[in-house]
Protein chains: 2
Amino acid sequence: MARSTARAAAAKREQILEAAILRFGRQSYEDTSLRAIAADVGIDVAHVHRSFGSKELLFADAVRATTRPERFLGGPPGLLAARLSAEILVRQAMHDNGEVGPLDILMRSLSSREASRILHDSTLADFIEPISKMTYPSSARRASMIAAVLLGIGVLRDILRIEPLLDTEDGEIQQLTIQLLKVLIGDRPHDVAAGAAEGDNR
Amino acid sequence: MARSTARAAAAKREQILEAAILRFGRQSYEDTSLRAIAADVGIDVAHVHRSFGSKELLFADAVRATTRPERFLGGPPGLLAARLSAEILVRQAMHDNGEVGPLDILMRSLSSREASRILHDSTLADFIEPISKMTYPSSARRASMIAAVLLGIGVLRDILRIEPLLDTEDGEIQQLTIQLLKVLIGDRPHDVAAGAAEGDNR
DNA sequence: GATTTAGCGCAACGCGTGTTGACTAATTTT
DNA sequence: AAAATTAGTCAACACGCGTTGCGCTAAATC
């Protein structure tokens with residue numbers, strides 16, 4: 001065998017991306033080899049490489065595919081803290097289902113030199129920038145601090161596997177996280193429950 | 001030349017460790033090669049390797065040498081938040097002086113598979129455990145969350161170089177950080193200023 | 001149906017890594 | 001002063017990596 005139909009080829013490209021996402025969601029950029037991804041799909045390394053141009057481009061595509069800001073951007077701003085903390089803490093469940101969340105890839109490849117430029121850009125554009133508009137006062141700094149809190153918790157839990165953070169059955173961690181986020185999000189002056197009425201440009 | 005005196009050899013071992021600390025404080029475990037460290041000291045790779053047994057052991061020694069919990073453990077508990085936030089934010093200055101702080105190595109090699117076991121143990125023993133005793137209520141979870149906040153800020157600033165966090169001239173970031181830490185440290189019931197009087201076993 | 005195109009595998013290149021064995025020369029030890 | 005130990009080098013090994021040239025074959029295109 002040597003060639004498949006055009007549509008089948010596109011589907012295979014998708015399979016490669018899927019396999020890459022799973023790998024990058026579990027291991028660092030360096031620990032993930034194109035050969036392993038190829039083996040997952042059952043094809044040759046060369047094909048993986050050529051389908052995306054380079055390892056770095058494949059990684060960038062994987063990051064792009066798992067970044068879905070809508071997840072936490074929708075809904076009333078009053079519940080932003082709750083939604084963000086859920087995003088971090090629910091991931092355990094996703095992980096077991098083989099899903100890869102937006103923060104997974106970021107966390108695993110933080111300290112990779114080649115990956116960090118891509119991660120920088122994605123973090124800034126897809127998280128900090130949109131979140132900026134949801135703090136009061138609107139502030140890229142507060143948004144960055146929010147990212148810091150979420151990332152820090154994620155890293156300690158999922159990368160370093162610090163035991164005290166692993167058990168989330170009771171809601172203590174979630175409760176603390178929400179408290180922290182609320183400090184950073186700040187209070188809108190007239191934000192009781194109707195919330196999203198004033199000066200909100202979404 | 002081929003051999004030096006016993007004391008000179010011990011000094012050279014110290015030089016190797018020093019060079020390793022500088023490297024590990026700037027680059028990830030993977031990006032730091034024994035050859036580079038050897039070149040810094042002006043000796044052969046083999047000698048670096050044999051002096052410490054393996055790259056992993058050298059790394060462990062570097063972590064141990066830069067971990068000095070006394071830095072933030074001393075002093076009245078009421079000022080803990082301020083001291084911890086300073087530890088994170090002052091690092092810019094240290095960095096320029098060629099010093100390597102306790103968090104630098106941790107941050108840089110977070111996502112390295114080989115390094116993570118060492119980092120896990122060090123974080124737990126040298127940070128979370130002692131900090132646990134300084135929260136109210138005393139809690140490993142709160143201590144872990146403190147570590148998460150500090151690490152998150154450090155990572156976003158120094159690894160991802162997220163711009164909004166780079167400028168710390170005005171005190172906003174520090175102020176926000178202190179607010180967050182205070183939430184996690186909690187309030188001792190009768191802690192006004194005399195502070196360290198009651199039930200404190202230090 | 002002939003010709004061009006493109007999916008895909010095979011094999012190899014070049015590079016950088018941690019690690020090891022052999023060897024040398026100088027310092028300790030006896 | 002002889003013998004044993006050891007700091008240190010040189011060269012090489014084995015491995016894994018991303019990447020690339022080449023060729024084959026089936027699908028597109030005409």
Side-chain angles (χ1 to χ4, degrees), chain A residues 1-20 23-24 26-63 108-109 111-118, chain B residues 1-20 23-24 26-63 108-109 111-118:
Chain A
M1 85 191 72
R3 184 126 146 59
S4 67
T5 180
R7 207 190 313 276
K12 185 141 283 184
R13 212 188 110 103
E14 207 58 35
Q15 282 181 48
I16 297 173
L17 183 58
E18 189 77 17
R23 289 269 174 190
F24 286 132
R26 264 186 256 293
Q27 313 161 0
S28 75
Y29 182 86
E30 276 93 3
D31 288 344
T32 303
S33 74
L34 295 187
R35 281 173 170 81
I37 295 173
D40 289 345
V41 187
I43 60 179
D44 191 84
V45 206
H47 189 47
V48 173
H49 182 263
R50 276 196 251 264
S51 294
F52 288 84
S54 75
K55 185 183 184 182
E56 208 170 332
L57 288 173
L58 172 55
F59 181 78
D61 268 9
V63 169
R108 310 270 159 173
S109 294
S111 51
S112 163
R113 237 169 51 78
E114 296 200 42
S116 74
R117 217 202 61 252
I118 295 165
Chain B
M1 86 190 73
R3 181 124 147 59
S4 66
T5 179
R7 206 190 312 279
K12 187 141 283 188
R13 212 188 110 105
E14 207 58 36
Q15 281 180 50
I16 297 173
L17 182 58
E18 189 75 19
R23 289 269 174 189
F24 286 133
R26 263 187 255 294
Q27 314 161 357
S28 74
Y29 182 87
E30 276 93 3
D31 289 344
T32 303
S33 74
L34 296 188
R35 280 173 172 82
I37 295 173
D40 290 344
V41 187
I43 59 178
D44 192 83
V45 206
H47 188 47
V48 173
H49 182 264
R50 276 197 250 265
S51 293
F52 288 84
S54 76
K55 185 183 182 181
E56 208 171 331
L57 288 172
L58 172 57
F59 180 78
D61 268 10
V63 170
R108 248 87 198 187
S109 294
S111 52
S112 162
R113 237 171 48 78
E114 297 199 41
S116 75
R117 218 201 61 254
I118 295 165

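Letters go in sequence order (proteins before strands), and every chain restarts at 1.
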Between side-chain atoms of residues 31-40 of chain B and protein atoms elsewhere (two or more places apart, or another chain), which donor-acceptor pairs fall under 3.5 Å?
| from | atom 1 | to | atom 2 | distance (Å) |
| --- | --- | --- | --- | --- |
| B:Asp31 | OD2 | B:Ser28 | OG | 3.4 |
| B:Thr32 | OG1 | B:Gln27 | OE1 | 3.2 |
| B:Thr32 | OG1 | B:Ser28 | O | 2.8 |
| B:Ser33 | OG | B:Ala36 | N | 3.0 |
| B:Asp40 | OD1 | B:Arg23 | NH2 | 2.9 |
| B:Asp40 | OD2 | B:Arg23 | NE | 2.8 |
| B:Asp40 | OD2 | B:Arg23 | NH2 | 3.3 |

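- Within the structure, every side-chain polar atom (N or O) of B:Ser4 is placed at least 4.0 Å from both OP1 and OP2 of C:dT27.
- Contacts of residues 49-62 of chain A with DNA chain D (heavy atom under 4.0 Å): A:His49, A:Arg50, A:Ser54, A:Lys55.
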Below 3.5 Å, can you tabulate the donor-acceptor pairs from side chains in residues 45-52 of chain B to any protein atom, sequence neighbours excluded?
| from | atom 1 | to | atom 2 | distance (Å) |
| --- | --- | --- | --- | --- |
| B:Ser51 | OG | B:His47 | O | 2.7 |

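- Qualifying side-chain contact (heavy atoms from CB on, under 4.5 Å) partners for A:Ala8, counting only residues two or more places apart in sequence or in other chains: A:Ser4, A:Thr5.
- For the side chain to side chain donor-acceptor pair (under 3.5 Å) test, residues two or more places apart in sequence or in another chain that qualify with B:Ser112 are B:Glu30.
- In terms of position along DNA chain C, the nucleotide closest to B:Tyr29 lies nearer the 5' end than the nucleotide closest to the other residue of the pair B:Tyr29 and B:Thr5.
- One can place CG of A:Leu34 at 9 Å from C1' of D:dT19, the figure rounded to the nearest angstrom.
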side-chain hydrogen bond (donor to acceptor under 3.5 Å, both in side chains) evaluation trace for B:Ser109 with A:Ser111: CA-CA 6 Å; B:Ser109 294; A:Ser111 51; 5.9 Å; no

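- For D:dC17, one of the phosphate oxygens OP1 or OP2 lies less than 4.0 angstrom from a side-chain nitrogen or oxygen of A:Ser33.
- Contact check of residues 9-20 of chain A against DNA chain C (heavy atom, cut-off under 4.0 Å) returns A:Ala9, A:Lys12.
- At a non-hydrogen distance threshold of 4.0 Å, B:Ile43, B:Asp44, B:Ala46, B:His47 from residues 40-47 of chain B come into contact with DNA chain D.
- Applying the side-chain contact (heavy atoms from CB on, under 4.5 Å) test to A:Glu56 and every residue at least two apart in sequence or in another chain returns A:Tyr29, A:Ser54, A:Glu114, A:Arg117, A:Ile118.
- If you measure from atom CZ of A:Arg7 to atom P of D:dA27, you get 15 Å, rounded to the nearest angstrom.
- Comparing atom distances between the B:Arg3 side chain and each of C:dA26, C:dG18, D:dG8 picks out C:dA26 as nearest.
- Spacing between atom CZ of A:Arg35 and atom P of D:dC15 amounts to 14 Å, rounded to whole angstrom units.
- In this structure, A:Asp31 atom CG and D:dG18 atom C1' are separated by 15 Å, rounded to whole Å.
- Among the heavy atoms of the strands lying under 4.0 Å from B:Ala6 are primed sugar atoms or P, OP1, OP2 only; no base atom is included.
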